[in-house]
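Remember, predicted model here, so these are calculated numbers, not experimental data. All values below come from the heavy atoms of this structure, side chains included, with hydrogens, waters and symmetry mates left out.
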Amino acid sequence: MAAPPRKIHPRKIKYEQVRSGQGYPVQRSFTLTGCLNKYKALLIINVDNVGSKQMSDIRHQLRGEAQILMGKNTVIRKILRREAKSDPALLGIVDVMRGNLGFVFTNGNLKDLREKIEEKKDPAPAKTGLIAPCDVFVEPGPTGLDPGQTAFFQALNIATKINRGAIEIVARVQMCFEGEKVTASAAGLLSKLKMTPFAFGITVKYVYEDGSCYDAKALDLSMDEVEMKFMRSVSQASCLSLGLGYDVIT
């Protein structure tokens with residue numbers, strides 16, 4: 001007796017096939033394997049602290065120019081390892097799949113696409129436990145808070161005074177430090193002051209093109225800089241050859 005067909009988890013189906021409706025053929029243009037075959041390059045993006053509204057706006061902005069694909073890292077790694085049997089270069093993507101990442105497939109200019117993706121940043125409040133992307137300072141001046149909340153500032157060792165029936169901060173105070181977690185007291189004060197000190201958006205981490213996966217910072221290099229680095233490497237190789245006693249042909 002034949003074994004019953006194995007059921008596939010519905011969340012995993014979308015990476016393998018997308019159906020347009022009952023009885024219609026499978027559409028592969030928006031699957032991972034379909035995008036790998038359709039597009040010549042992709043950007044690997046980080047979407048930490050990016051909201052659904054911001055992602056929707058980016059998708060709409062890139063419509064017709066690029067295709068965004070998000071999914072579980074474990075499922076994506078599994079598919080890439082399977083496809084790597086015919087294209088071993090895909091293993092370079094597997095090595096960098098760490099964190100909250102996604103893909104942006106394109107056949108256009110990678111540098112222009114990267115700038116368009118990273119230019120949109122939305123303001124965000126400082127939440128407790130969040131890693132601060134920058135230093136945050138509270139400038140001296142009126143806060144608009146009533147004198148009854150003076151004890152809150154005293155607990156934070158922030159010098160204040162009462163001016164025209166409201167609390168006024170006397171000196172500049174640093175509340176958040178770049179690379180460190182936001183404390184509960186800092187988050188509470190910034191919330192009372194109605195400050196949104198951070199701005200989060202999609203960041204491009206890596207680029208996959210022509211079988212190579214490299215850091216996105218390489219897109220910032222101009223052709224003159226690439227030529228200068230190449231000539232410097234040639235010069236160093238020539239010096240090494242001469243030191244080892246090999247003839248160098250120039």
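- A pairwise comparison of heavy atoms in M175 and A186 identifies O-CB, 3.5 Å as the closest pair.
- Of all heavy-atom pairs between A89 and G211, the closest is CB-O, 3.4 Å.
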If you apply the rule salt bridge (charged side-chain N to carboxylate O under 4.0 Å, His left out), what do you find for K120 with D122, and how did you get there? CA-CA 7 Å; K120 181 174 178 56; D122 290 347; 3.8 Å; yes
Salt bridge (charged side-chain N to carboxylate O under 4.0 Å, His left out) assessment of D112 paired with K116: CA-CA 6 Å; D112 294 342; K116 185 178 294 186; over 6 Å; no
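- Residue F137 comes nearest to M195 through the heavy atom pair O-CE, 3.9 Å, listed as atom of the first residue, atom of the second, then distance.
- A distance-only check finds no donor-acceptor pair linking the side chain of T160 to the backbone of I169 [under 3.5 Å].
- Shown here for Y39 and N107, the closest heavy-atom pair between the two residues is CA-OD1, 3.2 Å.
- Distance CD1/I68 to SG/C35: 11.0 Å, rounded to 0.5 Å.
- Atom-to-atom distance recorded for E209:CD and L43:CG is 9.5 Å, nearest 0.5 angstrom.
- Contact check for L62 versus L113: side-chain heavy atoms found under the 4.5 Å cut-off.
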Between I131 and K181, is the side chain to side chain contact (heavy atoms under 4.5 Å, CB included) condition met? List the steps. CA-CA 4 Å; I131 302 297; K181 290 185 177 180; 3.4 Å; yes
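- Rounding to the nearest 0.5 angstrom, the gap separating the CG atom in L219 from the CD atom in E115 is 9.0 Å.
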Given side chain to side chain donor-acceptor pair (under 3.5 Å), test Q149 with K192 step by step and report yes or no. CA-CA 10 Å; Q149 302 188 51; K192 286 180 178 293; 3.0 Å; yes
Side chain to side chain contact (heavy atoms under 4.5 Å, CB included), that's the test. Do L156 and V173 meet it? Break it down for me. CA-CA 10 Å; L156 298 176; V173 182; over 6 Å; no
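- Taking both residues in full, the closest heavy atoms of A184 and T128 are given as CA-OG1, 3.5 Å, listed atom of the first, atom of the second, then distance.
- Between the side chain of N37 and the backbone N or O of T33, at least one donor-acceptor pair lies under 3.5 Å.
- Atom-to-atom distance recorded for K85:NZ and L90:CG is 13.0 Å, nearest 0.5 angstrom.
- Here the side chain of Q54 pairs a donor or acceptor atom with the backbone of F200 at under 3.5 angstrom.
- Considering every non-hydrogen atom in both P147 and I167, the closest pair reads CA-CG1, 4.0 Å.
- The one candidate from L130, L190, D135, T183 that meets the side chain to side chain contact (heavy atoms under 4.5 Å, CB included) condition with C176 is L190.
- Although no hydrogens or angles enter the test, the distance criterion places no donor-acceptor pair under 3.5 Å between the side chain of Q61 and the main chain of R63.
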Can you check side chain to side chain contact (heavy atoms under 4.5 Å, CB included) on I44 and F103, steps first, answer last? CA-CA 5 Å; I44 302 177; F103 297 145; 3.9 Å; yes
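- Q154 and N157 share no side-chain donor-acceptor pair at under 3.5 Å.
- Two residues are said to be in side-chain contact when any heavy atoms from C-beta on lie closer than 4.5 Å; R82 and I79 meet this criterion.
- The backbone N or O of L91 sits nowhere less than 3.5 Å from a side-chain atom of R81 that would complete a donor-acceptor pair.
- Note that the CE atom of M70 and the CD1 atom of I76 stand 8.0 Å from one another [nearest 0.5 Å].
- Using a 4.5 Å heavy-atom cutoff, the side chains of D215 and K205 are not in contact.
- Residues K38 and F105 fail the side-chain proximity criterion, which asks for heavy atoms closer than 4.5 Å.
- Contact annotation: the side chain of L193 approaches that of L145 to within less than 4.5 Å [non-hydrogen atoms, C-beta and beyond].
- The shortest side-chain heavy-atom distance between L36 and L80 falls under the 4.5 Å cut-off.
- Around atom NZ of K127, no more than 12 heavy atoms belonging to other residues, nucleotides or ligands sit under 6.0 Å away.
- Side chains of I158 and V170 form no contact here, defined as non-hydrogen atoms less than 4.5 Å apart.
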Test side chain to side chain contact (heavy atoms under 4.5 Å, CB included) on C134 and F198 and set out the steps. CA-CA 8 Å; C134 61; F198 302 143; 3.9 Å; yes
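- For the pair T106/L42, no side-chain contact is recorded, criterion being any heavy-atom separation below 4.5 Å from C-beta on.
- A chain of hydrophobic side-chain contacts below 4.5 Å, direct or via other Ile, Leu, Val, Met, Phe, Trp or Tyr residues, connects F153 to I162.
- For the pair D146 (side chain) and A166 (backbone), a donor-acceptor distance under 3.5 Å is absent.
- Here CE of M97 is found 9.5 Å from OG1 of T74. Values are rounded to the nearest 0.5 Å.
- The backbone N or O of V204 sits less than 3.5 Å from a side-chain atom of E118, completing a donor-acceptor pair.
- Linking Ile, Leu, Val, Met, Phe, Trp and Tyr whenever their side-chain heavy atoms come within less than 4.5 Å leaves F177 and L189 in two separate clusters.
- The backbone N or O of V138 sits nowhere less than 3.5 Å from a side-chain atom of R172 that would complete a donor-acceptor pair.
- Although no hydrogens or angles enter the test, the distance criterion places no donor-acceptor pair under 3.5 Å between the side chain of N46 and the main chain of L101.
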